[in-house]
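Inspection log for the structure reproduced underneath, given as structure tokens.
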There are 2 protein chains.
Amino acid sequence: MSTPAGRAPTIIEVAARAGVSKSLASRALRGERGVADETRRRIHVAAAELGYRINSAARSLARGQSGIVGIVLNDIGNPHFTGVVAGAEAEARERGLRTIIGHGAGSAPDLARQIETMLELRVDGIVVVSSWAPREVLEHAAQLTPVAVVARLDEPPESLDMIASDDAHGARAATEHLLAIGCRHIAYVTRSTSVTSAARGRGVRTAIEQVGLELAEYRVGPEDDEEIERILRSGVDGVLANNDLTATEILRVARERGIDVPGDIALVGYDDTPLARIVSPALTSVNQPQRAMGRRAIECISERRDGRTDPERAWYEPTLLVRGSTFRR
Amino acid sequence: MSTPAGRAPTIIEVAARAGVSKSLASRALRGERGVADETRRRIHVAAAELGYRINSAARSLARGQSGIVGIVLNDIGNPHFTGVVAGAEAEARERGLRTIIGHGAGSAPDLARQIETMLELRVDGIVVVSSWAPREVLEHAAQLTPVAVVARLDEPPESLDMIASDDAHGARAATEHLLAIGCRHIAYVTRSTSVTSAARGRGVRTAIEQVGLELAEYRVGPEDDEEIERILRSGVDGVLANNDLTATEILRVARERGIDVPGDIALVGYDDTPLARIVSPALTSVNQPQRAMGRRAIECISERRDGRTDPERAWYEPTLLVRGSTFRR
DNA sequence: TTGTAGGCGTTATCAC
DNA sequence: GTGATAACGCCTACAA
């Protein structure tokens, strides 16, 4: 029946079947004008009968572009990224661009490899949703194709666009909220060493030192419930997590080990993902407009393709959303 | 500074810089033997200095394969898929294959488009993690490259491999558990019309009819809290959701509207994703070995590449994990 | 309106 | 060990 290892039909076979030259077939298939209606019809019929699909390798080799933009991110399990991707995909579709995703599984070398793959695929632009990508890799990529980074970069290269929100500011607002509800022993707990996480840590510190208190800062590994419990029992009364994922883990551990949130400890997440609303108590969290940021990234890619060369620095304001995990009294 | 629209250097320029022919450069860069050590070194240096990256379009055009396998799925926001992807990526890496992800955003045409893109990209195989892909599209794809579907297909084409778990069986087990803890008015609530969801529905029905009771079945749209509340207040005492995502939504609505789980209603999810453990009460759920299924998919692709032609049908047994959302008395 | 003839950057097959 | 040279499948002048 089927042809397990069937070679894909080429445009030459389509042309032969339609009784025309391959150039004419190419024009017809691309929908260019300057092909007789009847001929065009024959060509399309032939293509359909053969199950012809364009060979994008050949096309992008000949044209130098692919009509595809790559989205590279380092954790598809984190709903924050999901939101950005959704925005980027929507915008791309509206602009007639297709998208593929490269998944970096959380490590810098992995991310770099994914960016390389996109480069090799000769995509028409790359959206990097991560602050983990090595600077050289980004710069190199930006030399070959438009690059937009949706994340905080300490010193973003001139050659690429950056879409970010002010992490320090958001973390500061969250911390001031904790102080306002009466917390005096506040901890920042992160599972990440990214510059994003670091910026949030700085925000917390700023707010705390402003009122003359002391900050406790912890980095915890994955699946380390004991470590988390130790932190929760160290006398803290307020915790800011580096993101909602970490916050929900903390919440789970607290529940499993009999620590009451928000009674014993007030807890704040970051990113305001859907996770924040499905847990109980619902998480107070810092919102970033993920979808809007994703859309903006694609706009940047488009603008660059149209010739813009000066770098874009789009900052979005984070806003605190107060929910049950910080209700007191 | 940077070359915004810089053409990427080609192997010819590398060869020229190293003072050798392009064929020799090609061999050296690919790490083939039969190149003098000193020459090889010179070539690598030249490539590094130029920032050379292979043009994968040209390579796959010349070779007829790309070393990349495509993973296509229809909801990156669903942790079930995340698990399968993680397994597939791990296995692929171990086999020296690279992966890219196509995201179908939940609709069949979208999924089809993503599969088309993979075909055009001439990937070496496609893992489709969805039961939504139109049959013709799958068959066509399977004719050109190995295809493994990680999902339940009603009548899987001979030309492709299928990795699935027995949804009806899992749903039946979950329902029997609900019956065992005393539920008498059981509802199946789904947000999907996929054959996977339908199979789970059949499982519930089987179990319920076996004891002479009646099943209530509901399909709810996204963001429709009112509808969910109506169902919860219709006199049911046990609910099986089509997956954990739906179950956590139900749990949230119940909490927000003052319905006690498991007190008033016992609730069961499906897929046993990380979500099941972070909510409170933790969700009883039906486990599928996502990672193992993802790995198996890549194995299938590999085997097909090595010449296997008879279809693989891998079935994994689902197992019920009982947690707080179904504790009674 | 249609066809001819390169060329895109690699790889692969031969000779040397 | 090394270097010509012909594919690979498509696009794009240019010519008919």
Side-chain angles (χ1 to χ4, degrees), chain A residues 5-44 46-47 50-68 116-117 119-124 144-145, chain B residues 5-44 46-47 50-68 119-124 144-145:
Chain A
R7 242 186 66 284
T10 74
I11 202 169
I12 299 196
E13 300 168 47
V14 174
R17 182 170 190 127
V20 299
S21 75
K22 59 172 183 169
S23 17
L24 197 52
S26 168
R27 270 173 236 146
L29 260 13
R30 265 176 300 145
E32 272 197 14
R33 15 173 291 161
V35 180
D37 283 354
E38 164 56 13
T39 315
R40 178 187 303 276
R41 203 190 51 73
R42 271 197 351 258
I43 295 174
H44 275 106
L50 258 29
Y52 170 78
R53 297 293 188 280
I54 194 169
N55 181 328
S56 129
R59 159 176 286 183
S60 65
L61 181 56
R63 285 227 277 220
Q65 48 173 329
S66 57
I68 299 178
E116 291 285 338
T117 301
L119 249 25
E120 292 179 14
L121 253 15
R122 294 303 193 262
V123 293
D124 288 354
L144 301 174
T145 191
Chain B
R7 241 186 68 285
T10 74
I11 201 170
I12 299 196
E13 300 168 48
V14 174
R17 182 169 191 127
V20 299
S21 74
K22 60 171 181 171
S23 0
L24 198 52
S26 170
R27 268 175 237 145
L29 260 12
R30 265 177 298 149
E32 274 197 13
R33 20 173 287 163
V35 180
D37 284 353
E38 163 59 12
T39 315
R40 179 187 303 277
R41 204 190 51 73
R42 273 201 345 262
I43 296 175
H44 275 105
L50 258 31
Y52 169 79
R53 296 294 188 280
I54 195 169
N55 181 328
S56 115
R59 160 178 284 185
S60 66
L61 182 57
R63 284 229 277 220
Q65 48 176 313
S66 58
I68 298 178
L119 250 24
E120 292 178 13
L121 253 16
R122 294 302 192 266
V123 293
D124 289 355
L144 301 175
T145 191

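Here is how names work: the chains are called A, B, and so on, in the same order as the sequence lines, proteins then strands, and each is numbered from 1.
- Checked by distance alone, R27(B) brings a side-chain donor or acceptor within 3.5 Å of a matching partner on the base of dG3(D).
- Place A36(A) and R53(B) on DNA chain C by their nearest nucleotides, and A36(A) ends up nearer the 5' end.
- Rounded to an integer number of Å, the gap from E120(B) CD to dC8(D) P is 21 Å.
- Atom CZ in R40(A) sits roughly 9 Å away from atom P in dT1(C) (whole-Å rounding).
- Side-chain proximity of K22(A) to the nucleotides dG6(C), dT11(C), dG3(C) is greatest for dG6(C).
- Across the protein-nucleic acid pair, I12(A) atom CD1 and dG3(C) atom C1' stand 14 Å apart, rounded to whole Å.
- Annotation for P9(B) and L50(B): closest pair CG-O, 3.5 Å, computed over non-hydrogen atoms.
- Not a single donor-acceptor pair, N or O on each side, falls under 3.5 Å between the base of dT10(C) and the side chain of S60(B).
- The phosphate of dT2(C) has OP1 or OP2 within less than 4.0 Å of a side-chain N or O from T39(A).
- In the set dG3(C), dC11(D), dT11(C), the nucleotide with an atom closest to the side chain of S23(A) is dG3(C).
- Atom CG of L24(A) is separated from atom P of dT4(C) by 11 Å (rounded to the nearest Å).
- The two atoms that bring I54(A) and R122(B) nearest to each other are O-NH1, 3.2 Å, heavy atoms only.
- If you check every strand for non-hydrogen atoms under 4.0 Å, R30(B) touches sugar and phosphate atoms only.
- Dashed line: the shortest gap from a side-chain N or O of R63(B) to OP1 or OP2 of dT10(C) is not under 4.0 Å.
- Across all non-hydrogen atoms, the minimal contact from L29(A) to Y52(A) is CD2-CE2, 3.9 Å.
- Checked against dT11(C), dG3(D), dC11(D), the side chain of V20(B) finds its nearest nucleotide in dG3(D).
- When all heavy atoms are compared, the tightest approach of A58(A) to L61(B) is CB-CD1, 3.9 Å.
- Contact between the side-chain N/O atoms of S26(A) and the OP1/OP2 oxygens of dC11(D) is found at a separation under 4.0 Å.
- Contact between the side-chain N/O atoms of S21(A) and the OP1/OP2 oxygens of dG3(C) is found at a separation under 4.0 Å.
- In this structure, the CG atom of L29(A) is 12 Å from the C1' atom of dC11(D), given to the nearest Å.
- The residue among G19(B) and A57(A) whose nearest nucleotide of DNA chain D lies closer to the 5′ end is G19(B).
- The nearest whole Å value for the distance from the CZ atom in R33(A) to the P atom in dT2(C) is 14 Å.
- In this structure, E32(B) atom CD and dT2(D) atom P are separated by 14 Å, rounded to whole Å.
- Counting only heavy atoms from C-beta on, N55(A) has its side chain closest to dC10(D) among dT2(C), dC10(D), dG1(D).
- In this structure a side-chain-to-backbone donor-acceptor pair under 3.5 Å is missing from S60(A) to L121(A).
- Among the nucleotides dT10(C), dG9(D), dG1(D), the one closest to the side chain of A62(B) is dT10(C).
- Closest approach of E32(A) and R40(A) over heavy atoms only: O-NH2, 2.6 Å.
- In this structure, I11(A) places its CD1 atom 13 Å from P of dG3(C), rounding to the nearest Å.
- At the heavy-atom level, L61(A) lies under 4.0 Å from base atoms of the strands shown.
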